[in-house]
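What's counted below: heavy atoms across the whole structure, side chains too, no hydrogens, waters or symmetry copies. In each ligand, atom 1 is the first atom listed, and ligand 1 is the first ligand listed.
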Amino acid sequence: MSDQFDVIVIGGGPAGYVAAIRCAQLGMQTACVDAWSDSKGQASLGGTCLNVGCIPSKALLESSAWYEKAQHDFSQHGIEVKNIKLNLAAMQARKDQVVSDLTQGIKALFAANKVTFHHGTGKLLANKQVEVIGKKNTLLTAKHIILATGSSPVNIPIAPLTDDVIVDSTGALAFTAVPKSLGIIGAGVIGLELGSVWRRLGAQVTVLEAMDSFLPMADAQLAKEALRQYIKQGLDIRLGAKVDGAKVKSNKVEVSYQDAKGAQSLKVDKLVVAVGRRPNTRDMADPALGLALDERGFVQVDDYCKTNLADVYAIGDIVRGPMLAHKGSEEGMMVAERLAGQQTRVDYETVPSVIYTEPELAWVGMTEQNLQQAGIAYNSGSFPFAASGRARAAGDTTGMIKVLADAKTDRILGIHMLGAHCSELIAQGVIAKSLQASSEDLALTMFAHPSLSEALHEAALAVGGHAIHIASRKR
Ligand code: NAD
């Protein structure tokens with residue numbers, strides 16, 4: 001096997017494996033180095049997203065939603081089911097199978113695209129050499145290097161992880177029994193998604209969030225409604241609750257925190273630490289190379305993901321921007337295509353965000369509070385799912401869609417959604433925003449009836465003051 005390549009990608013997550021496949025498609029001799037192993041020590045491509053992130057969490061979110069629906073919603077549809085029982089082992093086995101099928105699928109894609117895979121930890125050395133530290137150490141060289149080493153959960157000394165009582169998101173995906181009580185530090189995306197899974201399966205879940213505000217990155221109106229829905233479902237979300245200690249005593253966790261009233265405590269069976277993620281940039285390159293990192297440990301890059309080292313690029317969670325798989329994948333495509341002489345760029349204003357709770361919260365572009373802070377005049381139109389025939393037929397009418405458009409040009413600046421299937425519906429907003437559509441363009445588009453998508457159409461009509469299925473504000 002040759003050890004000389006056009007491109008070596010270090011990291012086989014959604015940023016790295018996509019970059020590697022695209023480079024190979026464009027005719028470059030490509031290698032990808034990744035260290036992830038499954039429980040049998042075999043390579044398991046796909047990084048955090050496939051192994052312990054997006055995919056297993058979505059598998060458990062789906063299964064737990066079915067369990068909850070079977071208990072509470074089937075009867076509304078005239079379906080009577082008795083003796084509903086949870087088989088957590090089977091639910092976890094299904095999740096593991098989904099993960100294994102997808103990770104093996106990437107191996108097959110590498111083979112089909114002729115990407116050479118090396119299982120081990122890759123480290124960038126001088127002269128664009130990459131050392132692969134694995135069962136057998138290997139030295140590879142390439143004309144171009146793409147760093148895509150991803151991120152890891154932040155561990156905080158005030159709540160040190162234990163084998164299975166104080167855990168991070170990885171541990172919380174693998175519980176073998178439903179904890180009676182579960183504490184979560186952090187009401188971010190991970191805290192809310194994993195909290196939803198275990199609440200649906202029967203745990204009493206308490207989420208402690210240091211900030212007084214809830215999901216400040218989301219549109220404030222929708223975040224407020226999402227919080228109301230989560231609380232209604234039984235999630236005990238305590239804002240302004242800064243955890244300052246957690247200790248395991250007699251197999252329970254004693255959590256101490258400060259809120260507006262002073263020192264508080266909470267006793268739970270298990271505790272999940274979900275306080276953010278940090279870039280994996282510590283041992284990725286020989287320090288003598290002088291790869292520039294910022295003060296938070298992210299690799300410094302330009303708009304095209306070029307680092308300060310010639311022919312070395314960095315993509316995904318190790319560079320600025322949201323830690324989202326799809327953002328990393330797009331950066332991987334961009335770097336590959338630019339290496340092939342194309343002019344591809346990433347439009348960072350059209351990165352969609354999704355929180356896969358029920359209701360789902362999804363958005364693209366600016367929020368109302370962003371626009372107000374920036375002093376941009378805008379028009380807003382919204383439409384509640386309660387007025388959608390399809391939502392009523394489905395029996396799920398929570399939430400709304402909101403379209404924000406520039407007051408002068410009518411160009412869409414932001415689209416915000418809360419409700420069932422919004423993780424899918426948001427793609428329509430992303431397409432509209434990517435094509436620089438106006439709200440009128442959306443209003444003049446035909447949508448199938450009945451569909452949840454019609455709520456987007458009506459929200460766009462409402463920007464112009466003439467929604468059909470709800471009283472319009474403008475004349
Ligand atoms: P986050 O940064 O979204 O949220 C962490 C929260 O923890 C913050 O709100 C913070 O105020 C709080 N916190 C920190 N220290 C605390 C303390 N001592 N006491 C109480 N609260 C404290 O981080 P996350 O939820 O861990 O997610 C990490 C990353 O993974 C994010 O970038 C996220 O976008 C990504 N992710 C995305 C998805 C998705 O797209 N659906 C799913 C999972 C993760």
With a 4.5 Å limit on heavy-atom distance, are the side chains of [X] and [Y] in contact?
X      : Y      : value
Glu368 : Lys402 : yes
Val403 : Leu456 : yes
Leu182 : Leu194 : no

Using a 4.0 Å cut-off to any heavy atom of [X], which atoms of ligand 1 qualify?
X      : answer
Gly188 : 3 (O), 4 (O), 25 (O)
Tyr356 : 41 (N)
Met211 : 9 (O), 11 (O)
Leu208 : 20 (C), 21 (N)
Gly186 : 6 (C), 7 (O), 12 (C), 21 (N)
Met323 : 32 (O), 34 (O), 35 (C)
Leu324 : 34 (O), 37 (C), 40 (O)

Looking at ligand 1, does any of its N/O atoms fall within less than 3.5 Å of an N/O of [X]?
X      : result
Val354 : yes
Val189 : yes
Ile190 : yes
Lys58  : no
Ile158 : no
Gly276 : yes
Glu193 : yes

Could you go through Gln97 and Asp101, starting from their C-alpha distance and side-chain angles, then the distance that decides it, and tell me whether this counts as side chain to side chain donor-acceptor pair (under 3.5 Å)? CA-CA 6 Å; Gln97 191 61 50; Asp101 289 350; 2.9 Å; yes

[atom] - nearest protein heavy atom and its distance:
atom                    : value
atom 17 (C) of ligand 1 : Ile185 CG2, 3.6 Å
atom 20 (C) of ligand 1 : Ala210 N, 3.2 Å
atom 12 (C) of ligand 1 : Glu209 OE1, 3.4 Å
atom 15 (N) of ligand 1 : Val275 CG1, 3.5 Å
atom 29 (C) of ligand 1 : Arg277 CD, 3.7 Å
atom 18 (N) of ligand 1 : Val243 O, 3.2 Å

Report the distance from atom [atom1] of [X] to atom [atom2] of [Y], rounding to the nearest 0.5 Å.
X      : Y      : atom1 : atom2 : result
Lys40  : Ser100 : NZ    : OG    : 7.5 Å
Leu418 : His416 : CG    : NE2   : 12.0 Å
Tyr356 : Leu61  : OH    : CG    : 10.0 Å

Examine the proximity of ligand 1 to Val154 and report which part, side chain or backbone, both or neither, has a heavy atom under 4.0 Å away. neither

Could you see which bit of Tyr257 sits under 4.0 Å from ligand 1, with heavy atoms only: side chain, backbone, both or neither? neither

Pairing of [X] and [Y] as salt bridge, 4.0 angstrom limit:
X      : Y      : answer
Asp236 : Arg238 : yes
Arg228 : Glu225 : yes
Glu331 : Arg320 : yes
Asp269 : Lys252 : yes
Glu62  : Arg94  : no

Give a yes/no on ligand 1: does Ala274 have at least one heavy atom closer than 4.0 angstrom to it?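 Checking ligand 1 against Ala274, which is what was asked, there is a heavy-atom contact under 4.0 Å.
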
Would you please determine whether Ala241 falls within less than 4.0 Å of ligand 1 on a heavy-atom basis? yes

The test is side chain to side chain donor-acceptor pair (under 3.5 Å); show your working for Lys224 and Gln221 and say whether it passes. CA-CA 5 Å; Lys224 191 173 166 200; Gln221 183 190 8; over 6 Å; no

In terms of the angle between their ring planes, are Tyr17 and Phe110 parallel, tilted or perpendicular, with boundaries placed at 30° and 60°? perpendicular

If you scan the protein for heavy atoms around atom 31 (C) of ligand 1, do you find one that is closer than 4.0 Å? no

Where do Ile401 and Ala455 come nearest, in terms of heavy atoms and distance?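 Ile401 and Ala455 have their closest heavy atoms at CD1-CB, 3.8 Å.
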
